[in-house]
Amino acid sequence: MRSSLRQVLAVAATAAAVVMAKPYQIRGVTSPIFHYYLQPSPQDPTMPVMGPEASSQYFNIASGAIQSANSSAYLTVGTDSTSYKTLKLSPSGGAATAPGWALEGDTIITGTSSTWGRQLNFLVCKLSTGGDYWQVYLQTGSAVPAGRTCSNYQSLHLPCLC
């Protein structure tokens with residue numbers, strides 16, 4: 001029995017390592033961002049948005065950081081005083097400024113040791129600049145920006161790891 005448990009754990013650890021071994025798209029799974037993908041805004045390459053798959057980027061997730069395989073930018077979190085925290089694609093700073101991203105299954109979260117503790121909710125707000133793009137925020141509460149079309153309590157995922 002103990003040997004079987006070790007084998008299962010070894011296989012699980014190998015599967016987790018495989019997840020980190022190559023870049024993946026990061027996608028939304030519920031409306032209004034169902035099957036939209038993380039990418040820089042066409043108007044501002046430092047603003048992460050959810051948009052069409054055709055323009056999506058691929059990301060490496062390792063050592064508490066999410067880094068674009070396309071641009072090498074890191075996904076970082078702002079210091080906003082609101083419960084929604086601005087995300088940014090930062091070209092420098094690297095893992096040292098990364099917020100402690102982690103995976104829970106295929107779900108993107110901030111790890112328990114991050115500044116925000118374990119968070120898995122995101123807020124998305126429609127961009128008014130045209131196109132079908134939604135700005136992404138880390139959500140640590142329930143507030144939303146006034147005067148914008150937003151959807152709260154979204155989650156971001158890797159493709160099915162079935």
Separation between [atom1] of [X] and [atom2] of [Y], rounded to the nearest 0.5 Å:
| X | Y | atom1 | atom2 | value |
| --- | --- | --- | --- | --- |
| W134 | L38 | CH2 | CG | 15.5 Å |
| C150 | L123 | SG | CG | 5.0 Å |
| S55 | Y133 | OG | OH | 4.0 Å |
| L156 | L103 | CG | CG | 11.5 Å |
| R27 | Y37 | CZ | OH | 6.0 Å |

When I33, D132, V49 are each screened for side-chain contact (heavy atoms from CB on, under 4.5 Å) with K126, the one that passes is D132
Is there a path of hydrophobic side-chain contacts, each under 4.5 Å between heavy atoms, that joins Y137 and L89?
no
[Y] and [X] side chains, donor-acceptor separation under 3.5 Å:
| X | Y | answer |
| --- | --- | --- |
| Q43 | T129 | yes |
| Q154 | N121 | no |
| T76 | S90 | yes |
| T140 | Q119 | no |

Decide yes or no on side chain to side chain contact (heavy atoms under 4.5 Å, CB included) for Y24 and N60, but give the supporting numbers first.
CA-CA 7 Å; Y24 284 94; N60 292 301; over 6 Å; no
Any Lys/Arg nitrogen of E104 or R118 sitting under 4.0 Å from an Asp/Glu carboxylate oxygen of the other?
yes
Of all the heavy-atom pairs spanning Y153 and S142, show the shortest one and how long it is.
OH-CB, 2.9 Å
Minimal non-hydrogen separation, M50 against I26, with atom names
CE-O, 4.0 Å
